[in-house]
Amino acid sequence: MSRPVIGITCYVEPARFTVWEATAALLPYGYVEHVVRAGGQPVILPPAGDPAVLIGRLDGLIVAGGGDIDPARYGERPHERTGYVRDFRDEAELGLVRAALAEGLPFLGVCRGLQVLNTVLGGTLHQHVPDLVGHDGHAPAPGRFGRMPVRLTPGSRIEKILGPGSADVAHYHHQAADRLGEGLTATAHAEDGTVEAVELAGHPFACAVQWHPEADDECALFAALVDHTRA
């Protein structure tokens, strides 16, 4: 049986590898490993050219984590803590997600991927979650995941994938959905009320999580996406 082709967006950042220091298109390898373990064939999609033209060649799409979206994209001025904005990545991923939704392509957003989805659908973002909740638990230190439980909405796709009740997940985000975009429903929340997952009504498979499933051994969300492409 052939493997479904799963596109995964990536970063473009200065990086060090072997003897080199150079700008690189890069992605945490957990994304790749989870897609392979789920039976998919990962293809990394850099934010260059027009990746939206590849939609017809993909069986599924994952929009990965990354820096903040330019707040002008959702009609706001930047917060002093908004950072790592990459306009070329915003442009590429917003177009890619619009095309994916228009074609009904199975979609999974991770962290920034949830924020891209919400922005495409006309939503807005909280630009610095600690201002809202009064703590740094969602991103405790640079380069270190926080562990916090999220409550899963009964009957939601996320709950069917992860099981009833709550899930203990890896967090690393300082932004989150504020006003939800058209057709989106929040299907998981942190104990402090932060939106941690959304799903799009009327789409065969379009969901996104604010946490980082690629950082854990459990790959249920990736498996659900790959399985849906086969269905």
Side-chain angles (χ1 to χ4, degrees), residues 6-15 23-35 38 40 42-48 51 60-71 73-74 81-94 96-97 100 107-120 123 125-130 136-148 150 158 162 167-178 184 188 190 194-198 206-222 224-225:
I6 309 298
I8 313 172
T9 65
C10 70
Y11 301 68
V12 174
E13 299 290 343
T23 299
L26 50 87
L27 180 73
Y29 201 64
Y31 289 96
V32 172
E33 289 182 311
H34 282 317
V35 169
V43 175
I44 297 176
L45 305 175
L61 174 66
I62 298 170
V63 176
D68 297 335
I69 298 168
D70 183 351
R73 302 277 183 176
Y74 48 90
R81 298 295 295 274
T82 294
Y84 301 104
V85 173
R86 305 289 183 259
D87 286 333
F88 61 90
R89 186 172 178 189
D90 289 352
E91 190 69 19
E93 291 184 353
L94 290 166
L96 186 61
V97 171
F107 170 86
L108 174 63
V110 173
C111 195
R112 171 187 163 91
L114 183 152
Q115 296 163 14
V116 171
L117 176 64
N118 196 45
T119 300
V120 162
L125 304 178
H126 292 296
Q127 291 189 53
H128 194 56
V129 169
D136 295 317
H138 294 279
R144 196 181 88 198
F145 288 108
R147 304 294 309 191
M148 296 174 62
V150 295
I158 292 292
L162 299 181
D168 183 64
V169 295
H171 294 250
Y172 193 77
H173 65 98
H174 84 112
Q175 297 195 340
D178 183 5
L184 289 178
T194 303
V195 173
E196 292 289 340
V198 296
C207 58
V209 297
Q210 191 59 69
W211 68 85
H212 284 269
E214 82 283 2
D216 285 329
D217 290 336
E218 175 57 57
C219 65
L221 285 165
F222 297 92
L225 175 71

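Any value given below was found using the heavy atoms of this structure, including those in side chains, with hydrogens, waters and symmetry copies removed.
Going from atom CD1 of I62 over to atom OH of Y31 covers 8.5 Å, rounded to the nearest 0.5 Å. Separation of atoms CD (Q127) and CG (D178) is listed at 10.0 Å; rounding is to 0.5 Å.
Using a 4.5 Å heavy-atom cutoff, the side chains of T9 and L96 are in contact. In this structure the side chain of L61 never reaches within 4.5 angstrom of the side chain of I8, judged on heavy atoms. Put simply, the side chain of L221 reaches to within 4.5 Å of the side chain of V209, judged on heavy atoms. Two residues are said to be in side-chain contact when any heavy atoms from C-beta on lie closer than 4.5 Å; P213 and H34 fail this criterion.
When all heavy atoms of A177 and L125 are compared, the closest pair comes out as CA-CD2, 4.0 Å. Contact between C207 and I158 at its shortest, heavy atoms only, is SG-CD1, 4.3 Å. Taking all atoms of both residues into account, the shortest heavy-atom contact from A188 to W211 is CB-CZ3, 4.2 Å. Closest non-hydrogen pair, V32 versus P42, comes out as CG1-CG, 3.8 Å.
Under the side-chain contact (heavy atoms from CB on, under 4.5 Å) criterion, A139 pairs with Y172, sequence neighbours left out. A search for side-chain hydrogen bond (donor to acceptor under 3.5 Å, both in side chains) contacts involving E196 returns H138, H173, not counting sequence neighbours. Applying the side-chain contact (heavy atoms from CB on, under 4.5 Å) test to P47 and every residue at least two apart in sequence or in another chain returns C10, V12, F88, R89, A92. Take D168 and apply the salt bridge (Lys or Arg N to Asp or Glu O under 4.0 Å) test, not counting sequence neighbours, and it matches R147. Take E33 and apply the side-chain contact (heavy atoms from CB on, under 4.5 Å) test, not counting sequence neighbours, and it matches Y29. For F145, the ring-ring contact (aromatic ring centres under 6.0 Å, His included) partners are H212, not counting sequence neighbours. With sequence neighbours excluded, no residue forms a side-chain hydrogen bond (donor to acceptor under 3.5 Å, both in side chains) with D136. The ring-ring contact (aromatic ring centres under 6.0 Å, His included) test applied to F107 returns no partner, not counting sequence neighbours. Take R112 and apply the side-chain hydrogen bond (donor to acceptor under 3.5 Å, both in side chains) test, not counting sequence neighbours, and it matches D90, E93. Take E91 and apply the salt bridge (Lys or Arg N to Asp or Glu O under 4.0 Å) test, not counting sequence neighbours, and it matches R73. By the side-chain hydrogen bond (donor to acceptor under 3.5 Å, both in side chains) test, H174 pairs with D68, H128, sequence neighbours left out.
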Listed pairs under 3.5 Å, donor-acceptor, residues 113-120 side chains, sequence neighbours left out:
from : atom 1 : to   : atom 2 : distance (Å)
Q115 : NE2    : Q175 : O      : 3.3
Q115 : NE2    : Q210 : OE1    : 3.4
N118 : OD1    : G181 : N      : 2.7
N118 : ND2    : T124 : O      : 3.0
N118 : ND2    : R179 : O      : 3.2
T119 : OG1    : Q115 : O      : 2.8

For T23 and E13, run side chain to side chain contact (heavy atoms under 4.5 Å, CB included): C-alpha distance rounded to whole Å, both residues' side-chain angles, the deciding distance at 0.1 Å, then the answer. CA-CA 5 Å; T23 299; E13 299 290 343; over 6 Å; no
Start with the C-alpha gap between T194 and V129, add the side-chain angles, then the distance that decides, and say whether side chain to side chain contact (heavy atoms under 4.5 Å, CB included) holds. CA-CA 8 Å; T194 303; V129 169; 4.0 Å; yes
